[in-house]
Amino acid sequence: MERYFEGEFKDLAKREATFAYHSQVGRLTKERLATLLTESERVRTKVIVVGSAQGVLAIEGALLGLGFKK
């Protein structure tokens with residue numbers, strides 16, 4: 001499956017210490033999301049989620065459940 005701009009995101013993550021890139025085919029679980037960032041990082045992190053409306057809403061709910069702000 002092609003991931004749009006994956007090369008650019010990976011390059012940005014290498015250049016910028018404040019930018020992290022995580023990619024996955026299929027839905028992320030709340031448990032997997034919990035392993036990607038520490039609690040303190042969750043407070044100040046901005047997340048970009050792409051996919052179907054249903055998938056994006058599911059991830060948004062999981063992120064809110066983990067302490068991310070809307």
Side-chain angles (χ1 to χ4, degrees):
M1 170 176 271
E2 181 181 356
R3 297 178 188 145
Y4 298 108
F5 302 106
E6 182 163 38
E8 290 86 344
F9 285 130
K10 286 181 176 180
D11 289 344
L12 183 59
K14 287 178 187 175
R15 290 191 322 264
E16 299 293 332
T18 60
F19 183 86
Y21 174 67
H22 301 282
S23 176
Q24 177 175 320
V25 174
R27 294 214 176 143
L28 287 166
T29 63
K30 185 176 180 180
E31 294 76 24
R32 173 70 175 127
L33 287 168
T35 67
L36 296 176
L37 298 167
T38 66
E39 284 186 44
S40 63
E41 288 172 323
R42 293 177 200 158
V43 174
R44 62 182 192 276
T45 297
K46 293 180 182 176
V47 178
I48 300 169
V49 180
V50 297
S52 68
Q54 183 181 12
V56 170
L57 291 172
I59 294 297
E60 182 181 72
L63 291 169
L64 291 171
L66 289 169
F68 286 83
K69 295 187 183 200
K70 192 163 184 156

Going from [atom1] on [X] to [atom2] on [Y], what distance comes out if it is rounded to the nearest 0.5 angstrom?
X     : Y     : atom1 : atom2 : result
Phe5  : Asp11 : CZ    : CG    : 13.0 Å
Leu64 : Ile59 : CG    : CD1   : 11.5 Å
Glu60 : Phe68 : CD    : CZ    : 12.0 Å
Lys14 : Tyr21 : NZ    : OH    : 12.5 Å

Looking only at heavy atoms, what is the nearest atom pair of Lys30 and Gly65, with distance?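 Reported closest heavy-atom pair: NZ-O, 3.9 Å.
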Over all heavy atoms of both residues, which pair between Tyr4 and Phe9 is shortest? Give the atoms and the distance, please.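 Looking at all heavy atoms of both residues, the closest pair is O-CE1, 4.1 Å.
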Quick one about Thr45 and Arg42 (side-chain donor to acceptor, distance below 3.5 Å, no hydrogens or angles considered), yes or no?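 Side chains of Arg42 and Thr45: no pair found under 3.5 Å.
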Neighbour count >12 (heavy atoms, 6.0 Å) for atom CD, Gln24: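 Yes, because the 6.0 Å sphere around CD of Gln24 holds more than 12 heavy atoms from other groups.
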Surrounding CZ of Phe19 (heavy atoms of other residues, nucleotides or ligands, distance under 6.0 Å), is the total greater than 12?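 More than 12 heavy atoms, drawn from other residues, nucleotides or ligands, come within 6.0 Å of this atom.
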Please tell me if the side chains of Leu36 and Leu33 come closer than 4.5 Å, counting only heavy atoms from C-beta onward.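 A side-chain contact under 4.5 Å exists here.
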State, yes or no, whether a side-chain contact exists between Leu37 and Leu66 at a heavy-atom distance under 4.5 Å.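 They are not in contact (no side-chain heavy atoms under 4.5 Å apart), so the answer is no.
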